Amino acid sequence: MAWKLSNDRPIYIQLMEQIKRQILSGRYHCGDNFPSVRELAAEAAVNPNTMQKALAALEQEGLLVTNRTNGRSVTSDETLIQTTRESLAAKIVNECQNALLALGYDSEDSMAFIKKNYP
């Protein structure tokens, strides 16, 4: 995966968001073993402590689970993954709708624009 990191926000938050999207999009499935901190840190070219902070935050959200002998895995709670996915999708749609409203589109015009240009 190509990691896209910028200096405008904390790196661990950007890592967390990108890993969360990988889980929610199905790159990692329920119950899958998750790569180690060192593997992910090397891949993203970040300090392992920064990656550890991102993974710990995802554990707090319940998307990752630590197994004492097997490292981390993706949660097996499919409902949690689905509700988190829907929540993120709603946030994205809301941001899009607000941007279109700022351009003068009303809700109906926004939907028509999207349907016309993104069938």
Side-chain angles (χ1 to χ4, degrees):
M1 175 188 138
W3 296 86
K4 296 177 184 174
L5 303 171
S6 64
N7 292 325
D8 63 341
R9 296 180 307 130
I11 298 298
Y12 86 94
I13 291 175
Q14 295 176 64
L15 293 169
M16 188 180 85
E17 291 169 348
Q18 290 179 41
I19 293 167
K20 181 188 288 189
R21 286 178 192 242
Q22 290 177 4
I23 293 169
L24 299 179
S25 70
R27 177 169 187 225
Y28 297 106
H29 295 69
C30 288
D32 279 358
N33 286 332
F34 206 74
S36 72
V37 170
R38 292 194 185 281
E39 287 176 74
L40 290 170
E43 184 182 306
V46 298
N47 185 300
N49 292 331
T50 304
M51 184 60 75
Q52 172 60 33
K53 190 172 181 178
L55 297 179
L58 289 169
E59 278 187 50
Q60 287 182 331
E61 288 187 20
L63 293 173
L64 293 178
V65 178
T66 296
N67 305 315
R68 289 182 181 252
T69 56
N70 293 334
R72 284 187 176 90
S73 63
V74 176
T75 183
S76 57
D77 185 347
E78 291 181 22
T79 303
L80 174 63
I81 290 178
Q82 187 59 30
T83 57
T84 304
R85 185 175 184 226
E86 289 173 2
S87 176
L88 182 56
K91 179 181 174 187
I92 292 167
V93 169
N94 190 45
E95 289 171 359
C96 177
Q97 183 175 15
N98 287 337
L100 290 170
L101 287 170
L103 288 174
Y105 287 86
D106 62 20
S107 294
E108 196 173 297
D109 291 339
S110 295
M111 288 303 297
F113 175 81
I114 291 169
K115 286 180 182 179
K116 176 183 171 194
N117 293 287
Y118 304 95

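All values below come from the heavy atoms of this structure, side chains included, with hydrogens, waters and symmetry mates left out. Note that the structure is a prediction, hence the values are computed from the model and not measured.
- More than 12 heavy atoms of other shown residues, nucleotides or ligands fall within 6.0 angstrom of atom CZ in Arg27.
- Under a 4.5 Å side-chain heavy-atom cut-off, the cluster of Ile, Leu, Val, Met, Phe, Trp and Tyr residues that includes Tyr12 is completed by Ile13.
- Here the NE2 atom belonging to His29 is positioned 9.5 Å from the CD1 atom belonging to Ile81, to the nearest 0.5 angstrom.
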- request: Dump the intermediate steps for side-chain contact (heavy atoms from CB on, under 4.5 Å) on Thr84 and Ile23, then the final yes or no.
  value: CA-CA 10 Å; Thr84 304; Ile23 293 169; over 6 Å; no

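- Atom CZ of Arg85 has 12 or fewer neighbouring heavy atoms from other residues, nucleotides or ligands inside a 6.0 Å radius.
- Crowding of Glu86 atom CD: a count of heavy atoms from other residues, nucleotides or ligands under 6.0 Å exceeding 12.
- Heavy atoms from other residues, nucleotides or ligands lying under 6.0 Å from CD of Glu95 number more than 12.
- Ring orientation note: the planes of Phe34 and Tyr28 are tilted relative to one another, at an angle of 30° to 60°.
- When all heavy atoms are compared, the tightest approach of Glu61 to Leu80 is O-CD2, 3.9 Å.
- Remark: Asn94 CG is packed, more than 12 non-hydrogen atoms of other residues, nucleotides or ligands lying under 6.0 Å away.
- With hydrogens and angles disregarded, a donor-acceptor distance shorter than 3.5 Å links the side chain of Gln14 to the backbone of Arg9.
- Looking at every heavy atom in both residues, Ser6 comes nearest to Ile11 through O-CD1, 3.5 Å.
- The shortest heavy-atom contact between Gln18 and Lys4 is NE2-O, 2.5 Å.
- Considering every non-hydrogen atom in both Ala44 and Leu15, the closest pair reads CB-CD2, 4.0 Å.
- Residue Leu63 is tested with Leu58, Ile19, Leu55, Asp77 for a side chain to side chain contact (heavy atoms under 4.5 Å, CB included); the sole match is Leu58.
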